[in-house]
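Here is how names work: the chains are called A, B, and so on, in the same order as the sequence lines, proteins then strands, and each is numbered from 1. Scope of the values below: all heavy atoms of this structure, side chains included, with no hydrogens, waters or symmetry mates.
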Number of protein chains: 2
Amino acid sequence: MDKNLKRMATMNRMQKSGLDLFYAQGYYNTSIDDILKSLNLSKGAFYYHFQSKEEFFISIVQNLVFRKVYSMLIEPIEGEENPLRAIEICLDDALKTAEFNDLDYGFVLSNFLNEFNGRNEKITRYLTDIVKVWEVNIVTALQRGKTDGFVERHIDSEGAAAFIISGYFGIRSLMVTGNCKMLRYNYIQQLRYYFRSLSPVVLA
Amino acid sequence: MDKNLKRMATMNRMQKSGLDLFYAQGYYNTSIDDILKSLNLSKGAFYYHFQSKEEFFISIVQNLVFRKVYSMLIEPIEGEENPLRAIEICLDDALKTAEFNDLDYGFVLSNFLNEFNGRNEKITRYLTDIVKVWEVNIVTALQRGKTDGFVERHIDSEGAAAFIISGYFGIRSLMVTGNCKMLRYNYIQQLRYYFRSLSPVVLA
DNA sequence: CCGGTTACCGACCGGGCGGTCGGTTCAACG
DNA sequence: CGTTGAACCGACCGCCCGGTCGGTAACCGG
């Protein structure tokens, strides 16, 4: 067990550094040696712990990306009463972390999704699965919102969920070229307009 | 001039095939030989016409991507009376061409933008310039819409433009995993809700 | 028919990358 | 103290890729 701890520690270091570099430079553009150099480790260490570059990446997706997406984008919505408000706050928080160049994992997701699309079906499947979990969660929240009177009954929850995720993926694409703060502010502003059109008409 | 025609013909063939392959497989993942093989040409021919892979790609961006973005996404909006309606039709058309696996150049744009982000500043600049032209065009259309009574006066045109582009980039990211037709339908539906919240209140 | 130019050929180079493998270190254990 | 095995080292292999370069076929003006 003590041995297992050391093993896990090294694997975790590799995964963490791997995700950072894969995200910053792209998967195909990042060599295993790049990752190992940043950790003062050698090829031998890598292939002792992982079978291949692909397996390594999949382990990162499952261990890091999925868990972070869950804790950043899914969990914060689950318990809340007003789904539209919860989604708005959640996305705003995610974009805020993105401003400080920290990994916001929603964008990590869409970035890799683009990179692997048509190039590696296996990995693409792992990534789309995560998106689907997110999507289902939003749909559920919207449906609950309907019964609770926060969401207009006639709107299409699946369509709205796809629209919300789309906007988020897209705004992060635009944010890569500076002026993040303003983009975030504007985006949330427009999201509010959109959400208003999903809300039941309130008699002021 | 006759000679020049032959030169241009070969260059155009290379650019067309190059864009197809770069788009399908990614820039870094597509070798020059891949492109040349599809045309039964050799390295010599390539480096006779182009200085480098990078220059070649930039020429594609300027000659193919920019012109197509202009004719598909910018021109159709310029003359129209109701900007919101024009944008909706324009994006719907663009997504329709995407369904048939043809290149819709808006997505080509966001795809490359993601691939080159942080990896090649020069190319990134060329791509963002095109996005900016598109953005400016939408902003202009929205402003005109305000004076013409199609758009609520207090909305932020820049924010709305960014939001529209974001949604489009994002939905194309989602479309890569099947069910394009339904996604398009749902997306346009939600876009309408959003646009309704940007319209002046009409007394029915 | 000749000289020159255009367009193209394809072998080759150097560097990088994924992956392999024989060897080494060192802590734990009997 | 000797053995064992987990963890790690790093030279090496084969392949690919961007780019170079010496050649050549075809055409064209003189």
note: B:D33, atom CG; D:dC15, atom C1'; distance rounded to Å ~ 13 Å

ask   = Does NZ or CZ of A:K53 lie under 6.0 Å from the centre of the six-membered ring of A:Y27, at an angle within 45° of the ring axis?
value = yes

Is there a donor-acceptor contact under 3.5 Å linking the side chains of B:N137 and B:T140? no

Taken to the nearest whole Å, NZ/B:K53 to P/D:dC16 is 15 Å

The answer to which of A:K43 and A:Y48 contacts DNA chain D further toward the 5' end, by nearest nucleotide, is A:Y48

note: A:M14, atom CE; D:dA7, atom P; distance rounded to Å ~ 11 Å

### Message
Is the phosphate of D:dC8 approached by A:H49 (side-chain N or O, under 4.0 Å from OP1 or OP2)?
### Response
yes

Rounded to whole Å, the CD1-C1' distance (A:I32 to D:dC8) equals 16 Å

In whole angstroms, the gap separating P of D:dG18 from CD of B:E55 amounts to 15 Å

Rounded to whole Å, the CG-P distance (B:N40 to C:dC9) equals 8 Å

From the candidates D:dC9, D:dG18, C:dG19, the one with an atom nearest any side-chain atom of A:A45 is D:dC9

- Item | Parallel, tilted or perpendicular: ring planes of B:F50 versus B:F56, cut at 30 and 60 degrees | perpendicular

From the candidates C:dG18, D:dC9, D:dC17, the one with an atom nearest any side-chain atom of B:S31 is D:dC17

In whole angstroms, the gap separating P of D:dC9 from NZ of A:K37 amounts to 15 Å

Notebook entry, point to check: Quick one: is A:R7 getting a side-chain N or O under 4.0 Å of the D:dA7 phosphate, OP1 or OP2?
Noted result: yes

Check your understanding: Are OP1 or OP2 of D:dA7 and a side-chain N or O of A:T10 less than 4.0 angstrom apart?
Key -> no

Checklist entry - So do B:L91 and B:I164 actually touch side chain to side chain, heavy atoms under 4.5 Å? => result yes

Separation of D:dC8 atom P from A:M11 atom CE, nearest Å, is 11 Å

Regarding B:S42, tell me which of base, sugar-phosphate or nothing describes its non-hydrogen contacts under 4.0 Å with the strands shown.
base

Self-check item: Sidechain N-carboxylate O distance under 4.0 Å for B:E55, B:K122
Solution: yes

Note: for B:G44 and A:Q51 on DNA chain C, the residue whose nearest nucleotide lies more 5' is B:G44

query = Is any side-chain nitrogen or oxygen of B:K6 closer than 4.0 Å to OP1 or OP2 of C:dA7?
reply = no

